[in-house]
Chemist: 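One structure is given below, represented as structure tokens, and several questions about it will come after.
Order of the sequence lines fixes the chain letters, A, B, ..., with proteins taken first and strands second; residue numbering starts at 1 for each chain.
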Number of protein chains: 2
Amino acid sequence: MREKKYCYEYPRPALTTDCVIFGFDSEKLKVLLIQRKFDPFKNQWAFPGGFVDMNENLETAAKRELYEETGLENVYIEQLFTFGEPGRDPRGRVVSVIYYALVKLSDYKIHAGDDAGDARWFEIDKIPKLAFDHDKVLEKALERIKGKIIYQPIGFELLPEKFTLSQLQNLYEKILEKTLDKRNFRKKILSTKLLIKLDEKEQNVAHKPANFYKFNTEKYQELLKKGFEFQI
Amino acid sequence: MREKKYCYEYPRPALTTDCVIFGFDSEKLKVLLIQRKFDPFKNQWAFPGGFVDMNENLETAAKRELYEETGLENVYIEQLFTFGEPGRDPRGRVVSVIYYALVKLSDYKIHAGDDAGDARWFEIDKIPKLAFDHDKVLEKALERIKGKIIYQPIGFELLPEKFTLSQLQNLYEKILEKTLDKRNFRKKILSTKLLIKLDEKEQNVAHKPANFYKFNTEKYQELLKKGFEFQI
DNA sequence: ACAAAAGTGTTCGGAATACACCCATGT
DNA sequence: ACATGGGTGTATTCCGAACACTTTTGT
């Protein structure tokens, strides 16, 4: 047993951060899970995370743990919710501040270890029973991105640099869990003027090749300052 | 010095909850502040809150502190955000989970102590410099209710049982910080069918007396289940 | 009679929706 | 030639925005 040398007048819960990382592979929405090496919930899957250091802000802690456990770095994360039910961790009272992020799978899939490792992408509808209360965490995170994608073009975070309009539509359909009309979707998404049509098409596809587009980040930043509104 | 008898292997931040409570007096949007009795920030105003007990969930802690410090009870609160910058509390690392709520001023103004006490309602545009990072907390809370009132009829939480359409409109205008067209506002708010017109009018007003309405809570609950959408 | 806020309808333009066929490519 | 998904336009409906006068009360 290690020495317990940090003492306080009143009891304190332990504080952790966890990250829900969403990715998209042009087909399926996925989340990044790690397999726990130790008890509690040894060998079960969970969101990457861990204890916050004493002089580290919450967001930094979340990013650090994410990097340590999965190799992902330079990720833009946002705070989602704080879970603190007594009893959610069998080791004692643990309060977890949850962050979430959307990443381009293509940027990261190498590091995360495809399946042999202990960090893996799971399709959103093939998630195993998770450790702790992470099922509830996932539910909350899905709710958040659904709400968010409708009025902010966060979808681009999930796609590669170059993408086709069908890929983008597919992404929206997967996140919102409903189908969208192709012509109306294109009309609306193009009307934002946030897409730049590239002089490049798909290759080696057995149908009319789709044009690639990229997201106009600069323009989006400008619009944000002016109080941008948008609605899928 | 008290004995420090709670010891851990690793250092732990202290955990607190605070509440941002909004009220509305038919005229002005207000928030409930308490005046701190002790250092740090002795005599400065802050949101009510305090340390979380070890076996208490976060929401319960927030409500308990709110009751102890202001007398408010039976308040429906929602989690807003967690603040945890090192240095935000001069006593050491403190992480605060912030909750917010909207309450009917009429239900509560007695308990809170009008001005002599150490809990007071402050008009939103007459807030003093607050303790800790509570300025940032308030900013975040205002952002949240602005975003929320547009697509959820939370305004009713702030009004008395019976209210006039002008009061309701005034509330929306104060929260959104913009004026609304009277006819369009009424059309839209009535089209939700969530208001019940009462057989009762204002009295002793030097103009055409306004009709009172009340909010149809049952119907709203039903609509929520069916996935209600609405937009001011 | 006057002041003050309540209450009420219509018009117009733009956005949302619904909908079907031709195009370019690989096999 | 055929199968596959890409790409495109129009008509209709619905919703948001703009806008001004009459009503009821107290003084």
Chemist: Can you confirm if the aromatic rings of A/F185 and A/Y172 lie within a centre distance of less than 6.0 Å?
Modeler: yes
Chemist: Can the ring centroids of B/Y213 and B/F163 be said to lie less than 6.0 angstrom from one another?
Modeler: no
Chemist: What is the distance from CZ of A/R186 to C1' of D/dG6, rounded to the nearest Å?
Modeler: 6 Å
Chemist: What is the separation between atom CG on A/L190 and atom C1' on D/dT8, rounded to the nearest whole Å?
Modeler: 11 Å
Chemist: Distance check needed: C/dA15 C1' versus A/I150 CD1, whole Å only.
Modeler: 17 Å
Chemist: Would you verify whether the NZ or CZ of A/R120 falls within 45 degrees of the ring axis of A/W45 while also being under 6.0 Å from that six-membered ring's centre?
Modeler: yes
Chemist: Tell me whether A/D133 contacts the main-chain N or O of A/K136 through its side chain, where contact means a donor paired with an acceptor under 3.5 Å.
Modeler: no
Chemist: Between A/E200 and A/K162, does the salt bridge (charged side-chain N to carboxylate O under 4.0 Å, His left out) criterion hold? Intermediate values first, please.
Modeler: CA-CA 9 Å; A/E200 191 180 347; A/K162 303 169 189 175; 3.0 Å; yes
Chemist: Given atom CZ of A/F185 and atom P of D/dG6, what is their separation to the nearest angstrom?
Modeler: 12 Å
Chemist: Within this structure, what is the CD-to-C1' distance between A/E202 and D/dT4, rounded to whole angstrom?
Modeler: 11 Å
Chemist: Give the rounded distance in Å between these two atoms: CD1 of A/I189 and C1' of D/dG6.
Modeler: 17 Å
Chemist: Measure from the ring center of A/F22 to the ring center of A/F24 and say whether it is less than 6.0 Å.
Modeler: no
Chemist: Would you please indicate if the ring centroids of A/Y151 and A/F230 are separated by under 6.0 Å?
Modeler: no
Chemist: With salt bridge (charged side-chain N to carboxylate O under 4.0 Å, His left out) as the criterion, how do A/K146 and A/E177 come out once you've worked through the C-alpha distance, each side chain's angles and the decisive distance to 0.1 Å?
Modeler: CA-CA 9 Å; A/K146 265 189 218 183; A/E177 297 181 279; 2.5 Å; yes
Chemist: Answer with yes or no whether the side chains of B/S96 and B/R88 bring together a donor and an acceptor at under 3.5 Å.
Modeler: yes
Chemist: For DNA chain D, which residues in residues 164-174 of chain B have a heavy atom at a distance below 4.0 Å?
Modeler: none
Chemist: Would you find a donor on one side and an acceptor on the other, under 3.5 Å apart, between the side chain of B/Q167 and the backbone of B/T164?
Modeler: yes
Chemist: One character per nucleotide, please: for nucleotides 16-24 of chain D, 5' to 3', B when the base has a protein heavy atom closer than 4.0 Å, S when only the sugar-phosphate does, - otherwise.
Modeler: -BBBB--BB
Chemist: Could you state the atom-to-atom distance from CG of B/L195 to P of C/dG7 in whole Å?
Modeler: 12 Å
Chemist: Ring centres of B/F41 and B/F132 under 6.0 Å apart?
Modeler: yes
Chemist: Counting Watson-Crick and G-U wobble pairs whose two distances are both under 3.5 Å, find the runs of 3 or more in a row that involve DNA chain D.
Modeler: C:1-27 with D:1-27
Chemist: Expressed as a whole number of angstroms, how long is the span from B/F212:CZ to C/dG7:P?
Modeler: 10 Å
